[in-house]
Amino acid sequence: MSQDVMAAFSLKDKVALITGAGRGLGATIAETLGAAGAKVMVTDIDEATARAQAEKMQQSGMNAAFGQQDVTDESQWEATVAKTVSELGGLDVLVNNAGVETMAFFENCELSDFQNIQNINVTGSFLGIKHCIRAMKPGGPAGQGGSIINLSSVAGKGGYPGLGAYCTSKGAARLMSRAAAKECAVLGYGIRVNSIHPAIIRTEMGNNVIKGWARLGLAESEAEAEALFEQVQPLGYGEPQDIGNMILFLASSASKWVTGSEFLIDGGARA
Ligand SMILES: NC(=O)c1ccc[n+]([C@@H]2O[C@H](COP(=O)([O-])OP(=O)(O)OC[C@H]3O[C@@H](n4cnc5c(N)ncnc54)[C@H](O)[C@@H]3O)[C@@H](O)[C@H]2O)c1
């Protein structure tokens with residue numbers, strides 16, 4: 001065998017920055033990469049949750065730090081990347097996880113809600129890609145190349161009623177990943193960029209989609225909406241760890257020949 005298989009999945013000596021990691025999928029992603037040996041910078045717009053998550057990880061023996069970061073603010077990106085490199089000694093993995101959704105039909109969708117979703121889900125990821133490429137590329141302050149993973153969604157692969165603004169943002173995140181992947185490869189930066197596309201996971205956001213489905217009249221009740229999603233996902237509801245595991249693969253050198261790809265993690269929903 002040409003390589004030690006377990007070593008290829010190890011993140012020992014790697015540094016990972018995860019946005020929106022104070023709760024939900026981001027918190028599990030942070031723990032998963034930490035458990036694989038990475039030093040993890042946990043950031044969130046909500047400083048208290050980022051701090052609590054980093055402390056939880058430290059108590060389990062992981063190497064974690066935290067920072068308050070609004071992903072829509074470019075100066076905060078510059079400061080967070082600099083803090084990560086100086087406190088944790090590098091930057092090898094970025095997970096653009098922070099995101100929001102608001103459910104409404106197009107005809108009722110407030111312009112301010114539409115713009116807020118694009119600002120956090122699209123502009124936030126763009127700024128992350130921009131500043132982490134600067135840090136990771138040869139000659140940058142981290143300078144070792146790296147892996148950037150963008151949280152898109154099944155809603156970035158197809159349309160869903162009531163989720164127009166969200167679908168728009170996740171479709172953009174998907175093509176932004178591919179464009180960045182190709183550009184980094186052509187420029188010889190040693191930076192891979194991929195997107196992942198989960199179906200519904202029962203985080204605060206996932207539960208809000210189920211509730212919104214009923215509120216918009218797409219199901220008669222929340223219980224019916226819950227059953228409906230279970231039905232269209234042949235393997236039932238996924239768990240945050242299912243997402244963490246895919247991200248571990250993409251963050252590690254086990255995926256060194258993988259870039260510009262889209263990974264559905266959806267219990268067979270779009271099979
Ligand atoms: N849960 C799902 O079913 C599901 C499915 C597909 C994709 N996703 C995507 O996965 C990601 C995480 O989703 P989740 O379910 O954990 O959501 P969540 O709502 O539980 O958590 C989102 C986190 O992002 C943070 N955040 C919000 N705005 C921010 C900002 N401007 N700057 C920094 N942080 C900010 C929040 O404080 C929160 O900690 C999102 O990008 C989401 O679109 C989720």
Side-chain angles (χ1 to χ4, degrees), residues 17-32 41-54 56 66-77 79-80 94-103 113 115-128 131 148-158 160 163 165-174 176-177 195-213 225-226 229-230 232-233 236-244 246-247 262-267 269-270:
L17 163 56
I18 329 282
T19 66
R23 69 167 194 230
L25 300 186
T28 300
I29 293 163
E31 281 170 26
T32 305
M41 178 61 74
V42 174
T43 78
D44 203 287
I45 195 168
D46 180 347
E47 184 172 13
T49 62
R51 178 197 299 268
Q53 181 59 25
K56 181 181 169 212
F66 74 94
Q68 195 270 339
Q69 183 195 14
D70 177 349
V71 294
T72 67
D73 183 324
E74 185 156 23
S75 62
Q76 290 188 28
W77 267 109
T80 299
L94 165 68
V95 184
N96 272 320
N97 167 77
V100 292
E101 61 81 22
T102 306
M103 283 193 75
D113 283 339
Q115 289 175 330
N116 185 50
I117 291 174
Q118 310 318 313
N119 201 26
I120 295 171
N121 297 2
V122 184
T123 308
S125 295
F126 156 69
L127 290 173
H131 289 285
I148 297 176
I149 300 137
N150 297 310
L151 268 285
S152 179
S153 166
V154 288
K157 299 284 269 184
Y160 292 86
L163 283 166
Y166 183 75
C167 288
T168 305
S169 74
K170 293 301 183 180
R174 170 186 167 206
M176 184 166 25
S177 297
S195 60
I196 64 158
H197 301 261
I200 293 216
I201 313 276
R202 306 292 301 267
T203 60
E204 201 154 316
M205 181 186 288
N207 287 331
N208 281 338
V209 172
I210 292 168
K211 286 184 193 150
W213 211 259
E226 201 174 327
F229 280 110
E230 188 147 33
V232 298
Q233 302 176 162
Y237 284 102
E239 294 172 355
Q241 192 61 57
D242 295 317
I243 308 307
M246 177 61 86
I247 290 190
E262 301 167 7
F263 294 87
L264 277 166
I265 317 170
D266 66 351
R270 295 188 66 82

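When a ligand or atom number is given, it counts from 1 through the structure's own listing order. Every heavy atom of this structure was used, including side-chain atoms; hydrogens, water molecules and symmetry mates were not. For the single chain, residues carry numbers from 1 onward in sequence order.
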Task: Any residue meeting ring-ring contact (aromatic ring centres under 6.0 Å, His included) with W213, in chain and number order, not counting sequence neighbours - done: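 In terms of ring-ring contact (aromatic ring centres under 6.0 Å, His included), with neighbours along the sequence ignored, W213 is linked to F229.
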If you measure from each non-hydrogen atom of A199 to ligand 1, which part falls under 4.0 Å: side chain, backbone, both or neither?
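The part of A199 near ligand 1 is the backbone, not the side chain.
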Review point. Taking N or O atoms only and a 3.5 Å limit, does S153 qualify as a polar contact for ligand 1?
Key: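 Not met; the criterion fails.
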| Does an N or O from T72, backbone or side chain, lie closer than 3.5 Å to an N or O of ligand 1? |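 Not met; the criterion fails.
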[X] (side chain) donor-acceptor with [Y] (main chain) under 3.5 angstrom:
| X | Y | result |
| --- | --- | --- |
| D242 | E239 | yes |
| Y237 | E226 | yes |
| S169 | Q118 | no |
| N97 | T19 | yes |
| Q68 | A48 | no |

Atoms in ligand 1 flagged as close to [X], the criterion being non-hydrogen separation under 4.0 Å:
| X | value |
| --- | --- |
| G206 | 1 (N), 3 (O) |
| D70 | 30 (C), 31 (N), 32 (N) |
| A98 | 24 (O), 33 (C), 34 (N), 35 (C), 41 (O) |
| I200 | 3 (O) |

Quick test: of every protein heavy atom, which one is nearest to [atom], and how far off is it to 0.1 Å?
| atom | answer |
| --- | --- |
| atom 9 (C) of ligand 1 | Y166 OH, 3.8 Å |
| atom 6 (C) of ligand 1 | P198 O, 3.3 Å |
| atom 1 (N) of ligand 1 | T203 OG1, 3.0 Å |
| atom 3 (O) of ligand 1 | I201 N, 2.8 Å |
| atom 27 (C) of ligand 1 | V100 CG1, 4.0 Å |
| atom 26 (N) of ligand 1 | I45 CG2, 3.9 Å |
| atom 23 (C) of ligand 1 | G20 O, 3.5 Å |
| atom 32 (N) of ligand 1 | V71 N, 3.0 Å |

How far does CG of L151 sit from CD1 of I247, to the nearest 0.5 angstrom?
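L151 atom CG to I247 atom CD1 measures 5.0 Å (nearest 0.5 Å).
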*asked:* Any non-hydrogen side-chain atom of Q233 less than 4.5 Å from a side-chain atom of D266?
replied: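 No, every pair of side-chain atoms sits at 4.5 Å or beyond.
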Worksheet entry | Note, I243 side chain near I265 side chain (heavy atom, < 4.5 Å) |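 Answer yes - side chains close enough.
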Within-shell test, K170 vs ligand 1, heavy atom, strictly < 4.0 Å: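 It does; at least one heavy atom falls under 4.0 Å.
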Under 4.0 Å, counting heavy atoms only: does D44 come that close to any atom of ligand 1?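 The answer is yes: ligand 1 sits under 4.0 Å from a heavy atom of D44.
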From the candidates [options], the one that places a heavy atom nearest [atom]:
| atom | options | result |
| --- | --- | --- |
| atom 41 (O) of ligand 1 | N97, I196, V95, N96 | N97 |
| atom 18 (P) of ligand 1 | R202, Q69, R23 | R23 |
| atom 7 (C) of ligand 1 | S152, G22, G99, S125 | S152 |

Practice prompt. With T72 as reference, evaluate T123, I120, V122 under the side chain to side chain contact (heavy atoms under 4.5 Å, CB included) test and give the passing residue.
Written response: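 It is I120, the one option of T123, I120, V122 that forms the side chain to side chain contact (heavy atoms under 4.5 Å, CB included) with T72.
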Without hydrogens or angle criteria, can the side chains of Q241 and E31 be said to hold a donor-acceptor pair below 3.5 Å?
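There is no such pair (donor and acceptor under 3.5 Å, judged by atom type) between the side chains of Q241 and E31.
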- Message: Is it the case that the side chains of S177 and N150 hold a donor-acceptor pair, with the cut-off being a distance below 3.5 Å and no angle test?
- Response: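 N150 vs S177: donor-acceptor pair found between side chains.
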